[in-house]
Amino acid sequence: MFLPIQTVLTERTEPSIVSPGSEVTPNSHGLGLPSNSAVGGDIGGGRLRRTGIEVVGDVPWGSHFCQFYETADDLVDTLVPYFREGLLANEFCMWVTSAPLDVEEAVSALRAAVPDLDDRMERGQIEILDYRDWYVRDGRFDAGAVLDGWLVKLDDARRRGLEGLRLTGNTFWLEEAVWDDFYRYEEMINSVIGRHRMLAVCTYSLAMCGAKEIVEVIDNHEFALIKRAGRWEVLESAVQKRAQEAIRESEDRFRGLFAAMNEGVAIHELVYDRDGRPLDYRIVDANPAFEENTSIPVEKARGALGSRLFGAEEPPFFEIYRHVAETGKPASFTEYFPPLDRHFRVSVVSTKPGTFATVFQDVTDIYRAEAALQEYANELARSNEELERFAYVTSHDLQEPLRSIVSFGQLLEQRYRGRLDDDADEYIGFIVEGGRRMQAQIRDLLAFARVTTTGRSLEATDAGAVVREVLRDLTGTIEASGAHVEVEPLPTVMADPAQLEQVFANLIGNAIKYRRPGVSPAIRISAERESSFWRFTVADNGIGIEPGHHDRIFEMFRRLHTQDEYEGTGIGLAIVKRIVERHGGRVRVESTPGKGSTFSFTMTAA
Ligand code: ADP
């Protein structure tokens, strides 16, 4: 007995050795081969092919086995029913033969079993060739060229609408010198066949093989057919069995993942026209989540053409899919899918030319929620804009009548003070004072509205120069309050210079205004780098702000004091915040009541 070969399986009327978990069906050959799932391949969604060889039964695409024979009759015995089944199942068949069975003998043996063989030969469904016309060209055997030859034949067959390629090759011609090359070829073909819609039987003459060759041949095939006591028997290869088990394990893993995923997964192959142009795709397999995401039953999808399934002349996203299948470059997109009236997020990958897999998720709800949110945001922006325009126009228009009230009030004050009674003088004073306050409020309101309406584009601005300008404007106030202002070197930032000036004017003005009674204001202006920003700081030794008010003081009209304590409109810090945010920065305050406040804001470095 040969070492790496498992025990001979005797007469096999019933399937046996079906490993648990394998998908072999009762009518299969029972060798424990996993039926090929389509995960990662194009070898068909688990459908089995009849070999026509009784002891073998059905096998999946991608099977590669061998036969040891002694006589020409042994070959006819297995190969005639093998090709008969292939022809009936619309497969492309290639019979490469050599002594002891020549082409003519092979043709007539097969013709006896397939009466319309000549027709089929004429139509190109079967080729029966001499080994010299296939294996040995230019007098030598070239493993790569032969392998490519099979793939070209398969490709051509598929394009002609045939199911796949069923082949046999005879090795009687093999001489010892070529054996090593052929052994490598068998190794290569083993890995190639497993991934394609191909069935292969390699026939070896027992008389030509020594023990070493027999062992090597069996290692390279899933199983071997051998005749003992007039009966064909199946020998399994231990090496192949281990490989099959490893494949099955990995397939179980992927199957499990495939079945458990929330995302729909569909595996496709491109479908070509006669000229080899891709014109459609076919769904080879899909997971349970496919149905959950699309409401299309997997059974309906499997094997269906994209165009038919979705009722479109060009199947959905065809160009994207074709590109991925042809280039291997993955793609992902989120798109509305009209046939189902849903939005999907789709990732497309291809691990083999002409095939691709989509992993997708129905994101309609998220998409609709996002769209609604966007709609609200637009609506909000629109109404904000309207409000701003309204604030601007009304404050602008209010200025005119207010100017009359204040100036005529002042006239009254000047001309009639002391000529009416004391009450009248007081009332006139209230009118003028109220009018002035209102003017200040309207002026600030206008300034607030203008932050966005008249803001200019940002330019490299020397903050030091801006602060010097502000301090010049505030000279009177600074001197009157006895303030000491210390300015550290300041950087250049990207800003609208007039607005940066407004920010510093407000912060420095407040630092002077909110001073502690009896304490001369000490103000320090500095800046420090924070990644791509500069953080400016205006620190004072004033009255400070209670922690609970730190955020609120930046709101419009928010004041912590009465007019009698400190004059103001409550708009200054709202303007500061708006300007800083328009520049992409943030403003904040840190403060200890009774000790002082530190306002800081960021601006992009120039
Ligand atoms: P206004 O000064 O016109 O009242 P602001 O918007 O400039 O309005 O300031 C809002 C409020 O924040 C002020 O009323 C004051 O209570 C507080 N505030 C601002 N700056 C300081 C500061 N440097 N120190 C203490 N409190 C301040």
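We count ligands from 1, going down the list as the structure has it; atoms in each ligand are counted the same way. Hydrogens, waters and symmetry mates play no part in the numbers below; they use all other heavy atoms, side chains included.
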Determine, considering heavy atoms only, which of [options] sits nearest to [atom].
atom: atom 6 (O) of ligand 1; options: Leu573, Ile512, Asp540, Leu507; result: Leu573
atom: atom 10 (C) of ligand 1; options: Arg558, Arg516, Arg515; result: Arg558
atom: atom 2 (O) of ligand 1; options: Tyr514, Phe557, Tyr566; result: Tyr514

Determine all donor-acceptor pairs shorter than 3.5 Å in which one atom belongs to a side chain in residues 457-469; sequence neighbours excluded.
residue: Thr461; atom: OG1; partner: Glu459; partner atom: O; Å: 2.7
residue: Thr461; atom: OG1; partner: Ala495; partner atom: O; Å: 3.0
residue: Asp462; atom: OD1; partner: Gly464; partner atom: N; Å: 2.9
residue: Asp462; atom: OD1; partner: Ala465; partner atom: N; Å: 3.4
residue: Glu469; atom: OE1; partner: Arg472; partner atom: NH2; Å: 2.9

Classify the side-chain pair Gln499/Arg582 by whether it contains a donor and acceptor separated by less than 3.5 Å.
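Looking only at side-chain atoms, Arg582 and Gln499 do form a donor-acceptor pair, the distance falling under 3.5 Å.
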
Using a 3.5 Å distance criterion without hydrogens, assess whether the side chain of Ser350 forms a donor-acceptor pair with backbone atoms of Thr355.
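Yes, Ser350 side chain to Thr355 backbone: donor-acceptor pair under 3.5 Å.
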
Within the structure, is a non-hydrogen atom of [X] found at a distance of less than 4.0 Å from ligand 1?
X: Gly542; result: no
X: Phe599; result: yes
X: Lys513; result: yes

Exercise answer: donor-acceptor pairs, residues 595-606 side-chain atoms, under 3.5 Å, sequence neighbours excluded:
residue: Ser597; atom: OG; partner: Ser591; partner atom: OG; Å: 3.1
residue: Ser600; atom: OG; partner: Arg535; partner atom: NH1; Å: 2.8
residue: Thr602; atom: OG1; partner: Arg586; partner atom: N; Å: 2.9

Tell me: protein heavy atom nearest atom 7 (O) of ligand 1, and distance?
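Here the nearest protein heavy atom works out to Asn510 ND2, 2.8 Å.
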
Is Ile545 touching ligand 1 with its side chain, its backbone, both, or neither, if touching means heavy atoms under 4.0 Å apart?
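The part of Ile545 near ligand 1 is the side chain, not the backbone.
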
Measure the CG-CD distance between Asp252 and Glu245 for me, rounded to the nearest 0.5 Å.
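Here the rounded value is 11.0 Å.
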
Tell me whether Arg415 at atom CZ has more than 12 heavy atoms from other residues, nucleotides or ligands lying less than 6.0 Å away.
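No, not enclosed.
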
Looking only at N/O atoms, are Glu567 and ligand 1 under 3.5 Å apart anywhere?
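Glu567 vs ligand 1: no N/O contact under 3.5 Å.
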
